[in-house]
Every structure is written in C-alpha cells, then in structure tokens.
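Just so we're clear, the structure is a prediction, and the values are computed from it rather than from any experiment. Only this structure's heavy atoms are used, side chains among them; waters, hydrogens and symmetry mates stay out. Position 1 is the first residue of the sequence, and the numbers go up from there.
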Amino acid sequence: MMHALSKAACGLPVLMLSLGCSQSNSADFGTLEFSELSVPTTQEEKRAIRASDSVTIDGVAYAIGYRDLVRTNETLAELGGRGNDTQVFGLLKDKNGDALLQEDGSPWVCTNGSGPDHTSLLRYGTDLFAVTQLECSLGGAYITKLEQDGLGALKALSTTSVDFSDVYGTYVNCAGMTTPWNSHLGSEEYEPPMAIFDADAENQAWFDDPTWHDAHMQAIADYNKIENTAENAAYFGYMFGWIPEIKIISANGRHRVMKHFAMGRFAHELAYVMPDERTVYLSDDGTNVGLFLFVADRARVLSSGTLYAAHWVQTSADGSGRADIEWINLGHATNDEVRAAIEAKTTFADMFDRVEPLDAEAGTCPDGYTSTNTYDEGLLCTRLKSGMDKIASRLETRLYAAHKGATTEFRKEEGLTYNPDDKVLYVAMSEVAKGMEDGASQDVGGPNHIRLPKNKCGAVYGMNLAGGVSDTEGHAIDSQYVARNMWGMVAGQSKDYSGTELSENSCDVDGIASPDNLTYLPKYRTLVIGEDTSAHQNDYVWSYNVDSRRLTRIATTPYGAETTSPFWHADINGHGYLTLVTQHPYGESDADQAQSADDKESHVGYIGPFPPLD
C-alpha cells in the first residue's frame, strides 16, 4: 500500500524512483506482496513445508520458495577438519567436545521434541556462515559454512559445533538475532528457578522429581562435571538464563563465545538490538514474566550497562489492551561483576530472606516482606538482604524487578522486532491469559497491573519509541529508543470448527494463533509473524501489512512442527533471505502421521532468494 506522500513529492526524477528518498517527517515506501498459501487440508499439504512461490515488489514479480540448508542428524564435512572428518548436525556435546548420550546410550541429537531454533546468516570476509542454536535442555549451536551461487541459492558445505566450555555450557537456546555488527545474539530460555532450592524437605522432594530434574539439572551437572545434589543445584542454576553471543573469528569456523551476565537472568526468548547498537529489548517467556530494556555503556559492546524493567500502566482493556509504559531502573552492572558472584557460588538465600505467606489465598505476607507472583516460583514472600541489590538485580532479575514495582504479569512474551519506518517496536504474546487476564489465579500476590479479557489465540503489540524519557526516579534514560506505550495491534480469534474438515483448529485459520517470532522488512511496511501453536493443526507464517492490516499466509509447516527463526536479511551479496526453521515435525501432535523416523527431523532453511531490499 503506497504511503500518502508520493515518490514524486520527494523531488526525485522518475528514473530515480527506485532509490527512494530521505525519511524525515514522512516516509516513502515501496510495495511488497507475497503469493498466498491455502490452509493445509490434504495429507500432502499437512506433511509438507510450504512457502509462497512468488513475491511482487514494486510491481515486479520474483520467483521465491522454501529451500532446505541442513537437517538434524545430517552428516556434513567438519568445518576446519582434516579432510575425512565429519559432524552430525544437532549432536549435543559436553565441555570436552565428546558426544552426550541419552539414557539408552545413543547419541543425543537435538531434534524431536525440540530442535534447532534461531539461525543467523553471518559474513566473515568473503565467506558466508549460518549459526544455528539448539533448543534442548542442554543446548548448543552449530556454525555451518555456506556456498552461494550466482542466483543466490545457498548450500551447506561443512559444519562444526560451538564450544561453550568457557561459559559453563548453554541451556534451552531459543530465539535470537543477527546483530548489526555481524554476530549471533542468542538466548537461554526457562532459567532454572532457584528459590525452590532452599534447604528444606519440601524442596528436596521437588529436586528429586524426575519429570523436570532429570531432563535439565542432570544435564547441566554432567556438562560441568558437578555432582548433582540439591546443595550444588542451589548455585549452579545461576550459570544459565543469560544472553550468549557468538562471533566468528576465522574462515575455518573458529569462534568466540560470551554470556552477557550484565543483561540479567530470566527466561530469555530474545534480545533485540536497536539501531544505536547499544539499546536492547529483552523478552521473557513464561507465565508472570517481565519486559526489560538494557542500555549498554558502549555501542556493540554488551558487557556492561544499565537494566530497566517495564511497568504497565493500563489505559484501556478494549481488544488486547493499551497502556502507558514506565521504566524502573534496576541498576548498572558488568559481566565480570556478575560472573564473579556466580563463581562465588551465590545462592538465593544469600540474596533474599523468605517466609511463608500469612494468607496464601489472599497473597499477603508478614510485615517487612514483599508479596510477589513470578514465573516458576509463584507466590513468594521475600525480603532483599542488605548490600545485595546489584547481584540480585542480575541473578534474580524478575523477582528483583517485582520488588521494585515492575510488572511481572505478562504471559509468554515471545518475539521482538523493530519497524524503523515508524519507530515502533513489536512484541508477540502467544496468549493473553493468566497474569494478563483480570482475576486469574496468577494475580494472587503482587499488584494486578494488567487487567484484560482472555484471548487464547494471542496478540502482537506495538510500542512507540522516543528519546528524552526518564525512569520512574526522574533520571534520564540514555537512549533515543525508549518505549512510551504499548497497544494491541493484531490479535487471533477463537473459532469453533466442529464437524468440519478444519475441526482440529480452535483459532480462526485466517488469523494468527500463538504468535511467536517476528521480523520486519523496512521500507516495505511488512511485518512477518511466525506461530508456535496447538490451535492451528499446522503452524503458519504470515506477512502483515501495517497500513492495510492485511494478513497473508506465506508458509506452513508439517504436523506437530513449530515455525521458528523467521528473520529478514535484506542484502547478502545482492540477495535477500527470510530464514525459517521447522522445529520438531510430528513432535507436538499427530505423531502417528509420521511415516518414518526421518520425517521427524528438524529443518533449517530459508524462503527466497529475494532481490536486495536495503
């Protein structure tokens, strides 16, 4: 949809129209439209990865499509190896680089049930690489060298696993982004909840529960060669729940890994860097979670800075709601300061006193203790110990933020992306429920900031950004990209398909369901929305025109698969790419529809190639 300001109004001659014009008060945009996919109804459609076969850009049609790069359990040459050396893509490894084994003694490949997630396309000199992180309980990542032909098609040549041994290993690596400085910025989701490791009989029993413990804490202990006891678990969970960054430093795949402890510890879905290369938004995935803002001391260096937490000040409950956003300062810290606290074996009990509620149903606490309700730990009555502000703000970021008055009621906060055309940040909520729903049980304890009607199909919110904003204490926030408000932009809608061929769907198939990862195509008014849902039998990827508000279905994935990693790369050697990972086919539903074990392998690929759109 063409903006009201025409290209001719920019004062450019007709032959220069494709170059666009300066965006000062108004913007001059191009047009982009994908060919639309139907709802999968046949067995063939429900078993396939499907994508738009064409895109029309400024009136010119281009052929595109989905292409695989690599699949889990695929064997490739070892990047930087010795000729005959090979690597199994997705194989998880310990700190010595040896294969981790499953209970039956077989190699542990991160695939069915979880699998690869965000994939960055990175350049090193004239070489091109994909960095793919793995969303298993003990995570990992692979660097894959790519070949790009003259038409823009990409091919995987060789791969190598990323060495996380300097940062304690890694854990449930979820969404991510390719930074403006050509590195992979990842995430560690679902951080181990440390309040439960108080040394009492009830929590020892929880620790011994194999349904969570065996899959997570045992893997962490094995990787770090730490004995798996409740006493040790009281501190080693603080090694996880951070933002890792991977930088490629040679053409043979050598790399450097760091964890950005200064950015806080919670269930990181995604860290998204703004154009100033120092302001970063951080989403928190789960029930009763927060939304965070980090301002680094220096551009491109995320090892030190000031962290803020959002306070939702509701102004409307209509639709998906609307609020003003205030920012609560959680203080300044450096990676080194926080890492020192981890290595000193800091525990929850070192930072907080904890007592039982006076009335659990009412969520009240004894005098001197703060009532909070945060993800995993639920209702807590805690008191911060003297002198522990800095360490608590990073090791127990969400709880500390709740103590300071921030909102910890968001529900499954997922992808983030930025629209520079309008200076708007987008954030996906896979459902508007639980802490966000007015009167839900998750509102017991702490304030009830968010008071919205339930929408199990979820929504994408917009946030207008500006400079000159102060925190709640009146101190200026040193960024031109501070969110001032939050408003529902596009939402899914429940729909009853009983008795029809679409009976496996409970959200409208012509709208979003459980929105997850997001990306934006600047100058073309196009927001891309991926799904992670059980409310559509097959998950979809959508394009959404922010002017016309039209949704177009541009990809669908097989039974039981999640769509992850849609991320826009505008120009890599003269071609554009929309990365797409199909995670755990037949892994969340319809397992009986798989015709072979190979059907269940995850796919890392892309939609394209596009012409360059930068």
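Residues Y190 and F240 form no side-chain contact, since every pair of their non-hydrogen atoms from C-beta on lies 4.5 Å or further apart. Counting heavy atoms from C-beta outward, D532 and T564 have side chains that stay 4.5 Å or more apart. Between L32 and L521, some side-chain heavy-atom pair lies under the 4.5 Å cut-off. Considering only heavy atoms from C-beta on, R411 stays 4.5 Å or farther from I450 through its side chain. The closest side-chain heavy-atom distance from Y171 to E191 is not below 4.5 Å. Residues M486 and V427 are in side-chain contact: their nearest non-hydrogen atoms beyond the backbone lie under 4.5 Å apart. Side-chain contact check for R398 versus V289: some heavy-atom pair is nearer than 4.5 Å. Side chains of I243 and L185 form a contact here, defined as non-hydrogen atoms less than 4.5 Å apart.
In this structure, the ring of H118 has its center less than 6.0 angstrom from the ring center of H184. Taking the six-membered ring for Trp, F266 and F292 have ring centres closer than 6.0 Å. Taking the six-membered ring wherever Trp is involved, the centroid distance between the rings of Y281 and Y272 does not fall below 6.0 Å. Here Y540 and W542 bring their ring centres to under 6.0 angstrom of each other.
The ring pair (Phe, Tyr, Trp, His ring centres under 6.0 Å) test with W568 singles out one residue from Y606, F610, Y577, Y520, and that residue is F610. Paired with R553 under the rule salt bridge (Lys or Arg N to Asp or Glu O under 4.0 Å), one option of D508, D539, D510 passes, and it is D510. Among T287, D516, D284, D285, the one residue that satisfies the side-chain hydrogen bond (donor to acceptor under 3.5 Å, both in side chains) test with K412 is D285.
Heavy atoms from other residues, nucleotides or ligands lying under 6.0 Å from NZ of K454 number 12 at most. Within a 6.0 Å sphere centred on CD of Q43, heavy atoms belonging to other residues, nucleotides or ligands number more than 12. A 6.0 Å sphere centred on CD of Q493 holds no more than 12 heavy atoms belonging to other residues, nucleotides or ligands.
Considering CG of L282 and CG of L416, their distance stands at 8.0 Å, rounded to 0.5 Å. Note that CG of N288 is 7.0 Å distant from CG of D443, once rounded to the nearest 0.5 Å. To the nearest 0.5 Å, atoms NZ (K600) and NE2 (H584) are separated by 12.5 Å. In this structure, the separation between OG1 on T519 and OH on Y418 is 14.0 Å, given to the nearest 0.5 Å. Within the model, atoms CD of E33 and CG of N545 stand 9.0 Å from one another, a figure rounded to the nearest 0.5 Å.
Taking the six-membered ring where the residue is Trp, Y461 and W312 present perpendicular rings, their angle passing 60° and hence far from 30°.
The shortest non-hydrogen separation linking A153 to P609 is N-CG, 4.3 Å. Taking all atoms of both residues into account, the shortest heavy-atom contact from C136 to L92 is CB-CD1, 3.9 Å. Of all heavy-atom pairs spanning G439 and N448, the tightest one is N-ND2, 4.4 Å. Between S52 and I64, the shortest heavy-atom distance links the atoms O-CG1, 3.4 Å.
In the model, S602 has no side-chain atom that pairs as donor or acceptor with a side-chain atom of Q583 under 3.5 Å. For the residue pair D53 and S35, a side-chain donor N or O sits within less than 3.5 Å of a side-chain acceptor on the partner.
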_What verdict does the salt bridge (charged side-chain N to carboxylate O under 4.0 Å, His left out) test give for D421 and K523, after you've listed the backbone C-alpha separation in whole Å, the side-chain angles of each residue and the deciding distance to 0.1 Å?_
CA-CA 6 Å; D421 303 331; K523 305 177 187 176; over 6 Å; no
*asked:* The test is salt bridge (charged side-chain N to carboxylate O under 4.0 Å, His left out); show your working for D598 and R71 and say whether it passes.
replied: CA-CA 10 Å; D598 185 64; R71 299 181 65 191; 3.2 Å; yes
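Classification of R47 and D599 as a salt-bridged pair holds, one side-chain N sitting under 4.0 Å from a carboxylate O. For R550 and E36, the salt-bridge test passes: some basic side-chain N is under 4.0 Å from an acidic carboxylate O.
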